[in-house]
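Since this is a predicted model, take the numbers as computed values, not measurements. Values below: all heavy atoms of this structure, side chains included; hydrogens, waters and symmetry mates excluded.
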Amino acid sequence: MKNISRRNFLRTSGTMAAGAMIIPSLVSCSKTDIVNIAIVGVGGRGQGNWNGLISESYNKETKERVLNPKVRIVALCDVSEEMLSKTSKLMPNVPTFKDFRVMLDEMHKDIDAVIVSTPDHTHFAVTMAAMEMGKHVYVEKPLAHNIWQLRTLVKAAKKYGVINQLGNQGHASNGIRNIKEWYDQGLLGEVKEVHAWFNGPDFQGNWFGKPATYPPEAQQVPAGLDWDLWMGPQTMRPFNECYVPRRWRSWYDLGNAELGDWACHTLDAPYWALELGSPKVVQPLHAVRNEGMPNDIVTDSSVLEFQFEKRGNKAPVKLTWYEGGKKPENRPEWLTHKLGNNGMIMVGEKMSVMTGGRPNNARIIMPNEDWKAFQKKGWNQTISRIPEENQYKEFINAIRGVGPKPGSTFEYGAGLTEMALVGVLAQRSNKRIEFDAANMKVTNHPELNKYIKEPVRKGWSYGEELW
């Protein structure tokens, strides 16, 4: 893990599945003009994020990718030597690290921003360590693993004054802006009811899985995987393939289930437009967990009812979340013979809005000819659009000072994620949750407050001084 001078860092980077690339001409730029980025977690969503960051454009027909001359990847960090090796072949001159703390210590003078794409349970530690060194941060959703961490990240962002962004891509879309404008301009009328559904978790797929026995039997740690670093702040346990790769989402102490994973996409529009804040009550209406599986493994299917109090002149809202194959009962006024696998409907007193799992392709529910006429006529677009609906350029341009701060900052993203995590508490316990947001407490089941702020292993404590 050698250190090298900035002038020798790789100026442009390849991609794993990019096809042909057009390398832009390189010019001498000041530090403020080119953003030097460290990637923590290089595979999975990490690959998707660094691909997006280095890309100026991508032609789906020709498979040509033009690289962004304003972005330079200067460090790669992953607890897996296999992942590092694969990525390093595409960026052979970029230093590699297993421990983000070593990376930041050795290279902090050469890093402008850190991209965090690790499992949920280590988001907070990496992000805090980066911000404490004054680094801008982009964090894969969900923002953090528990509510105390979310609130602490908001405090840290204000203290350190860095550009920060939650990676819920749909918040940069035109679709979510359309929804907010339609609601704000009274086209929908008051919205008191929201339905959102997602077809996972799929325990036979790549992202979720269950152990053959419980507790999971101890297995040999794969060569090149630093299991201690992977576990991070959580209690150490024997390695088992039911955790790595990707399937850590199945465990509540490592991930935040399907709800924590997808609410930041599917519920982004109603959260923003209706200014929902944290729910007062979350009531489990349905839960299925395979017999013999403990409560620390996520449910196979679930239905939750969120209750939000009146907010200023906005009416109370009942939001129902469905997952694991459950959906709302279809209604004639929704004008569809079958609801898709994933989606969201905001039921307005005048008109309703439907989206898929993300808010990008939002539409008002009306006959197709009426919808075409509505779009042609247009409406008053009061919210500025993000060029190309590209959240990566939004982040980079904010750092360079050539664009506004991102829309999905930690201040916004923490609230959105908190809404989901209160639901995860109800899902995890299968109990009705009464949440006091002002005091950050579950009032009717105080034994659950241990999940609001989880204990961490020695050496993994961050943010205590901010309280």
Quick one: does [X]'s side chain have a donor or acceptor within less than 3.5 Å of a partner on [Y]'s backbone?
| X | Y | value |
| --- | --- | --- |
| Asn146 | Gln149 | yes |
| Asn397 | Lys393 | yes |
| Lys135 | Ile111 | yes |
| Arg247 | Glu241 | yes |
| Ser250 | Phe208 | no |
| Thr336 | Lys338 | yes |
| Ser85 | Glu81 | no |
| Arg457 | Gln234 | yes |
| His108 | Asp105 | yes |

Check whether the ring centres of [X] and [Y] lie less than 6.0 Å apart, and answer yes or no.
| X | Y | answer |
| --- | --- | --- |
| His136 | Phe395 | no |
| Tyr412 | Tyr271 | yes |
| Trp251 | Tyr243 | yes |

Does [X] have more than 12 heavy atoms from other residues, nucleotides or ligands lying within 6.0 Å of its [atom1]?
| X | atom1 | value |
| --- | --- | --- |
| Asp296 | CG | yes |
| Gln219 | CD | yes |
| Gln220 | CD | no |
| Gln204 | CD | no |

Closest non-hydrogen atom pair between [X] and [Y], with its separation:
| X | Y | value |
| --- | --- | --- |
| Val35 | Ala113 | CG1-CB, 4.2 Å |
| Pro142 | Asn256 | CG-ND2, 4.2 Å |
| Pro328 | His195 | CB-ND1, 3.8 Å |
| Leu259 | Ala420 | CD2-O, 3.5 Å |
| Gly232 | Thr122 | CA-CG2, 4.2 Å |

Fill in: Worked check of salt bridge (Lys or Arg N to Asp or Glu O under 4.0 Å) between Glu82 and Lys86
CA-CA 6 Å; Glu82 180 183 4; Lys86 288 180 179 179; 3.6 Å; yes
Worksheet, complete the sentence: Tested for side-chain contact (heavy atoms from CB on, under 4.5 Å) against Ile147, the lone hit among Glu418, Lys453, Lys441 is Glu418
Flag side-chain contact, heavy atom, 4.5 Å: [X] against [Y]:
| X | Y | result |
| --- | --- | --- |
| Phe100 | Asp78 | no |
| Glu323 | Pro201 | yes |
| Met346 | Thr355 | no |
| His123 | His145 | no |
| Met91 | Ile73 | yes |
| Ile345 | Trp197 | yes |
| Val94 | Val74 | no |
| Leu53 | Asn68 | no |

Worksheet entry | Matching residue for Phe239 among Trp230, Trp248, Trp227 - test: ring-ring contact (aromatic ring centres under 6.0 Å, His included) | Trp227
Is NZ or CZ of [X] both nearer than 6.0 Å to the six-membered ring centre of [Y] and within 45° of the ring axis?
| X | Y | result |
| --- | --- | --- |
| Arg101 | Trp460 | yes |
| Lys155 | Trp467 | yes |
| Arg428 | Tyr451 | yes |
| Lys141 | Trp262 | yes |
| Lys327 | Tyr322 | no |

Discussion item. Show, in sequence, the C-alpha distance, side-chain angles and deciding distance for Asn164 and Glu411, and conclude whether the side chain to side chain contact (heavy atoms under 4.5 Å, CB included) test is met.
Written reply: CA-CA 9 Å; Asn164 53 87; Glu411 184 176 8; over 6 Å; no
Item to complete: Show your reasoning for whether side chain to side chain contact (heavy atoms under 4.5 Å, CB included) applies to Phe410 and Gln165.
Response: CA-CA 6 Å; Phe410 286 2; Gln165 185 171 16; 5.7 Å; no
Worksheet item: Would you say the side-chain atoms of Ser302 and His286 include a donor-acceptor pair closer than 3.5 Å?
Response: no
Discussion item. Return the CE to CG distance between Met354 and Leu339, rounded to the nearest 0.5 Å.
Written reply: 5.5 Å
